[in-house]
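Chain A is the first sequence line, chain B the second, and so forth, proteins listed ahead of strands; every chain is numbered from 1. FYI, side chains are in, hydrogens and waters are out, and symmetry mates aren't considered; it's all heavy atoms of this structure.
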There are 2 protein chains.
Amino acid sequence: MDKSLYACDSCQHKLCAGRVSLFTSLDTDQLLQVIKLIVHKEYKKGELLLFEGEVRNDLVIVNKGQVKAFRNTIDGREQILYIFSEGDFFGEKNLLRDQPSNYAVEALEETHVCIIHKNDFQKLVKEYPDIGLKVMEVLCQRLDRLENAVETMGTRTVGARVSSVLLEFADKFGKQSPQGIIIDLPLSREGIANYIGLTRETVSRKMSSMQDQGLIEMIGNKKVLLLNRTALEKSIE
Amino acid sequence: MDKSLYACDSCQHKLCAGRVSLFTSLDTDQLLQVIKLIVHKEYKKGELLLFEGEVRNDLVIVNKGQVKAFRNTIDGREQILYIFSEGDFFGEKNLLRDQPSNYAVEALEETHVCIIHKNDFQKLVKEYPDIGLKVMEVLCQRLDRLENAVETMGTRTVGARVSSVLLEFADKFGKQSPQGIIIDLPLSREGIANYIGLTRETVSRKMSSMQDQGLIEMIGNKKVLLLNRTALEKSIE
DNA sequence: CGGGCACTTGATAGTAATCAAGTCCGGTGG
DNA sequence: CCACCGGACTTGATTACTATCAAGTGCCCG
């Protein structure tokens, strides 16, 4: 994939908005109209796109890069709720009423976003009801993911938690290769731990033992090769 | 509150649908139109309204009673995801596409529901866009609840988990009284445990210790008196 | 080549699950 | 009205597991 195609420079002229599932129902002219409403912004790794509790009145669409949405918990941990990648959006609650955000959002790498004001977006939804349906669809997907997460977090065995996050990342970030699925991990060990409510040491230990069992193979710290997907799925039980 | 007002008998003639937040934007004539589309159904305690994995094509609105939505996890537990009470609905995913349900739904007590077919509901949404917005709003609330749940389940201390569920139930089912907030527990100890990923013994122990600390007072097994809400909130930290 | 940071590995302690008795309460039948 | 029964809840003892604390180790980048 040539990332440069998605750079914000080309956005302004090509139809970057068309790549976002929200707007797939629109034709070229309509997309051009949408693009006029969009403000672009770029963030470096580690920069905050949104503070926990901040009140905003726009919708943010990730156009390039990755961000994490997280909360600082009362017991001093960081609970990661979502990883948003290209095409994902956040701030949808702002469309309904002005509410403080439940989570902070931080760039995991160089990230470019498209920002659209609540009023403009609401007009779009009224004009093109399909966009509203798309939003609803994404919200339902997000519910699915959180329902799974609640189940995972309630699971008492560490193995099941780590397996489920690897399988989730395999679906979202994995690439098929001759040996198996290669996963580009969006998070560090500590990040993974904060995603599933464990400590980094426990995640580290479990991944090592999975490697010993021949289920996965670690390639540096940022990649994992999933050798035997079905065995990993079974190991959850 | 006189429950008989909400019985399905009167539904057919009075405007039961008007009590549901989904339809608050409609006037009397419109409500009558909606009511024509509704099928009523009743369930006894313990009966299943929906099986895990079942594919349905309608939206179910709880008109009286309470139900739990839950999944049977791979490690043999039951993970409760939601408690739906009067005015809540489920099956919203069916509005978009036919998907198997993520969870089973079981009546916690005698429960009456209103069922509306997907096609009819879609027509309603097109005719009265406010209904679509309401659905979106409820989905966002559900996301809020699950985001909190994920944080809670990631919390390492048992006290925080039990406190958070009591506070949640206090908001949803609590009644103000001179001594404090009286909570009608929708779930047994085991049910609470399955809601927050603990065992019934642990929940029992923690509630006993909270009683010893003067934070709560148990009234039989079905009610809890919340003596000191702010102290309970603080005890989470 | 060196420094720093993320990760791994080891030892220990604390906590919740598990296993196992009891106890309480509501309901039922005499 | 009371005695009994069963299910839900409580409490206790033990075990297993993961967090925590503490050293290392390896890798990436200047």
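- Using a 4.0 Å heavy-atom cutoff across all strands shown, M218(A) reaches sugar-phosphate atoms only and no base atom.
- A side-chain donor-acceptor contact under 3.5 Å links T152(A) to the backbone of N148(A).
- Note on R156(A): only backbone sugar-phosphate atoms sit closer than 4.0 angstrom, heavy atoms only; bases stay farther off.
- Ionic pairing of R229(B) and E233(B) is present here: one or more N-O contacts between side-chain nitrogen and carboxylate oxygen are shorter than 4.0 angstrom.
- Comparing V158(A) and G220(A) against DNA chain D, the residue whose closest nucleotide sits nearer the 5' end is V158(A).
- Counting only heavy atoms from C-beta on, S204(A) has its side chain closest to dT9(C) among dT9(C), dC9(D), dT18(C).
- The nearest whole Å value for the distance from the CD atom in E190(A) to the P atom in dA19(D) is 13 Å.
- Atom NZ in K45(B) sits about 13 Å away from atom C1' in dG27(C), given to the nearest Å.
- Considering only side-chain atoms of T202(B), the nucleotide from dA17(C), dA19(D), dA6(C) that sits closest is dA17(C).
- Nucleotide dC7(C) holds its P atom 8 Å from the CD1 atom of I192(A), rounded to whole Å.
- To the nearest angstrom, P of dA6(C) lies 12 Å from CZ of R189(A).
- A salt bridge links R142(A) with E92(A): the closest approach of a Lys/Arg side-chain nitrogen to an acidic carboxylate oxygen falls below 4.0 angstrom.
- Note on T199(A): a side-chain N or O is less than 4.0 Å away from OP1 or OP2 of dA19(D).
- Atoms CG (L198(A)) and C1' (dC17(D)) sit 12 Å apart, rounded to a whole Å.
- Whole-Å rounding puts the R200(A) CZ to dT18(D) P distance at 17 Å.
- When atom types are taken as modelled, the side chain of R161(A) and the backbone of M153(A) share a donor-acceptor pair closer than 3.5 angstrom.
- Counting to the nearest Å, the C1' atom of dC27(D) and the NZ atom of K223(A) are 16 Å from each other.
- Of the candidates F84(A), Y103(A), Y82(A), F90(A) forms a ring pair (Phe, Tyr, Trp, His ring centres under 6.0 Å) with just one, namely F84(A).
- A straight line from CD1 of I216(A) to P of dC7(C) spans 14 Å, rounded to a whole angstrom.
- At a cut-off of 3.5 angstrom, counting only N and O atoms as typed in the model, there is a donor on one side and an acceptor on the other between the side-chain of R205(B) and the base of dT18(C).
- Closest to the side chain of E201(B), from the set dT9(C), dC19(C), dC9(D), is dC19(C).
- An OP1 or OP2 oxygen of dT11(D) is reached within less than 4.0 angstrom by a side-chain nitrogen or oxygen of S208(B).
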